[in-house]
Amino acid sequence: MKNIKEDEKLNVLNHSCAHLLAQAVKHLYPNAKFWVGPVIEEGFYYDIDLGDEVVKEEDLAKIEKEMKKIAKDGKRIVREELTKEEALMKFHDDPYKIDLIERMEDGNVISCYTQGDFTDLCRGPHVESVKVLRHFKLLKVSGAYWKGDAKNKMLQRIYGVCFETEEQLQEHLAYLEEMKNRDHRKLSKDLKIYMTHDLVGQGLPLWLPNGAFLFHELEEYIREKEINLGYYHVYTPIMATSELYKISGHWDHYKDDMFPLMKREGEEFVLRPMNCPHHMLIYKNELHSYRDLPIRIGELAHDFRFEASGALCGLERVRTFCQNDAHLFVRPDQIESEFKRVVDLILEVYKDFNITEYSFRLSLRDPSDKEKYYQNDEMWEKAESTLRKVLDDLKIDYFEAVGEAAFYGPKLDVQIKTAIGHELSLSTCQLDFLLPEKFDLTYIDTDGSKKRPVVLHRAILGSIDRFIAYLIEVTKGSFPLWLAPVQVNIIPVNKEYHEAYATEVYKLLQKQNIRVEIDDRNEKLGYRMRESQTRKIPYTLILGDKEVEQKTVSYRLFGQENTQTLSTEEFIRLLQEEIQTKKRK
RNA sequence: GCCGAAAUAGCUCAAUUGGUAGAGCAACUGAUUUGUAAUCAGUAGGUUACGGGUUCAAGUCCUGUUUUCGGCACCA
């Protein structure tokens with residue numbers, strides 16, 4: 001999709017369109033007051049205070065109509081430059097604009113733009129005339145907190161997009177529609193990946209057999225990779241006493257995001273929101289020599305977080321999920337090499353899954369946020385500069401995000417965008433000097449003295465749940481053979497004559513651990529083929545007279561129309577090769 | 001959590017201004033015995049998410065709850 005904000009022409013066009021929107025809203029809602037109307041990647045929006053009035057989705061058509069009317073009139077857009085005092089005078093009855101003006105530096109030129117009966121404070125630039133604004137569409141309305149702060153009043157936000165030609169606009173709208181069809185929630189329903197139920201609760205998905213196969217294969221995949229890299233896997237309880245999180249420091253920072261306390265016989269338990277404290281205790285269970293480090297403790301661990309109800313989304317954001325977690329206990333001199341190994345693993349895994357659209361985010365603390373972040377300037381500077389150095393050494397492109405760090409340290413996150421445009425972290429690698437401190441972790445150094453290890457928290461697939469959600473979207477539900485819930489579907493042409501051979505092939509494949517089904521229903525071949533294709537099963541076998549006679553199989557690949565014929569042995573070899581090469585590199 | 005919208009058969013959707021809840025697919029039964037994306041006929045399927053109210057009459061209007069959707073805020 002075109003990034004409208006980055007495109008010079010479209011940026012100006014959409015910004016002007018935001019003004020056109022404001023003007024139309026002003027005509028229809030005379031009491032409207034306007035905050036800001038910026039250009040974003042997807043188009044533009046305007047935040048508006050309508051007092052007691054409400055814009056509903058059905059009102060968008062009405063507003064669009066007014067916008068078209070104004071555009072047709074074709075007023076010129078005129079720039080005017082003011083001093084701060086003049087600007088304050090001009091917008092004296094608009095508290096929102098006064099707020100903006102007052103925060104501008106004295107002496108700077110302040111500009112505003114006028115089109116017909118509407119003037120707005122704005123840096124510009126704009127198109128010459130509203131006449132150019134013809135191919136636009138208002139897309140959605142929503143509430144949005146003033147200045148992005150939940151403590152403030154909620155304004156109304158109207159989103160839209162504008163293009164130079166009608167073709168471009170229609171193409172864009174078609175693209176948005178196409179993306180909706182890629183939404184993992186829709187595909188998951190079609191492909192029977194997971195379900196939810198009111199009686200279980202929101203954000204708590206139930207994995208159906210097809211989803212469970214995916215889940216299991218991914219667990220096996222990453223576990224094997226990690227074992228080859230020297231990780232040890234453990235299982236730890238999904239709960240602990242609240243005391244554990246008081247020691248780790250999580251209690252102070254995150255108890256509101258945890259499921260509430262369970263009290264019994266004077267003890268207090270919580271469902272765990274993360275696994276770090278458990279793994280710290282496993283490290284502490286033994287005395288460690290400098291020779292033993294790094295020690296890598298991994299777990300496919302189920303965690304529970306009380307996410308805000310409005311944040312929940314399919315498998316992408318849930319209240320219980322399975323983390324592909326590990327904690328790497330390293331000596332200070334090993335931070336760089338170990339961090340590099342994690343980045344290498346991330347790159348390797350993404351390659352295995354053909355994930356190409358992602359970016360690295362270096363998440364740093366916001367030094368002014370004294371509440372969220374653990375206070376120790378020296379520690380933070382050391383940690384942040386270490387990560388930066390490794391990334392630079394690896395020549396990895398990344399962007400920095402202030403205020404996105406964990407409370408205990410900076411991190412490298414891998415960001416992806418979902419089909420419907422949500423930006424999410426998939427993988428993460430976090431540097432932590434704090435938890436080793438809190439749990440008084442040590443190793444014995446060369447000189448016999450106790451030293452403090454450093455911890456790297458990392459998750460490669462992130463959460464299995466979210467990873468599957470993303471995988472469904474990038475593959476459109478057509479999974480590579482090794483992941484496909486059903487890998488081969490056998491269709492005997494005639495039940496009476498071909499079922500025996502079909503069963504024979506079925507048993508052969510099953511013996512090779514191929515996930516295979518046989519569709520011997522009394523339905524026409526075309527009917528069964530159609531269903532096989534809509535289920536996106538990679539291989540569909542057609543077995544009839546010819547195949548029985550020659551001891552062969554004829555197969556059709558998902559999404560293709562031609563049929564290939566191979567001997568049964570060759571076919572099995574083909575499957576095995578495809579599974580092996582894609583699965584284990 | 002906040003602003004807004006929605007919830008009708010397993011799924012996708014209909015149901016004039018309040019006036020007998022329907023269709024396609026799926027399921028089941030029977031016929032058909034099939035060579036690459038939907039064979040034909042029949043049967044069954046509903047406290048219209050859940051609770052309360054208005055009305056002679058509520059899927060439709062009001063109200064509370066739950067869940068879902070679009071954003072915002074959040075995301076250890």
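Here is the naming used below: chain letters follow the sequence lines, and residue numbers restart at 1 for every chain.
Remark: A:K140 is in phosphate contact with B:G71, judged by side-chain N or O atoms under 4.0 Å from OP1 or OP2. Put simply, A:K411 has a side-chain N or O that comes within less than 4.0 Å of OP1 or OP2 on B:A76.
You'll find that the side chain of A:R556 is closest to B:A37, out of B:C74, B:C72, B:A37. Here the nucleotide nearest the side chain of A:Q202, chosen from B:U67, B:C69, B:A37, is B:U67. The listed nucleotides are B:A76, B:C69, B:G4; the one nearest the side chain of A:Y408 is B:A76.
Between A:E404 and the options A:K372, A:K411, A:R361, a salt bridge (Lys or Arg N to Asp or Glu O under 4.0 Å) holds for only A:R361.
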Once Watson-Crick and G-U wobble pairs under 3.5 Å are found, how is RNA chain B written in dot-bracket notation, 5' to 3', with | for any base paired to another strand? (((((((..((((.....[..)))).(((((.......))))).....(((((..]....))))))))))))....
Taking it one step at a time, do A:E307 and A:R319 satisfy salt bridge (charged side-chain N to carboxylate O under 4.0 Å, His left out)? CA-CA 6 Å; A:E307 302 282 4; A:R319 283 180 172 168; over 6 Å; no
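A salt bridge links A:E531 with A:R521: the distance from a Lys NZ or Arg NE/NH1/NH2 to an Asp or Glu carboxylate oxygen falls below 4.0 Å. Residues A:E41 and A:K417 are paired through a salt bridge, judged by an N-O separation under 4.0 Å between the basic side chain and the carboxylate.
Between A:D149 and A:M154, the residue whose closest nucleotide on RNA chain B is further toward the 5' end is A:M154.
Checking side-chain atoms of A:Y245 against main-chain N and O of A:Y254 turns up no donor-acceptor pair under 3.5 Å.
Counting any heavy atom pair closer than 4.0 Å across all strands shown, A:K524 reaches a base atom.
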Is there any protein nitrogen or oxygen under 3.5 Å from a nitrogen or oxygen in nucleotides 26-31 of chain B, and what are the pairs?
| residue | atom | partner | partner atom | Å |
| --- | --- | --- | --- | --- |
| B:A26 | OP1 | A:Y527 | OH | 2.8 |

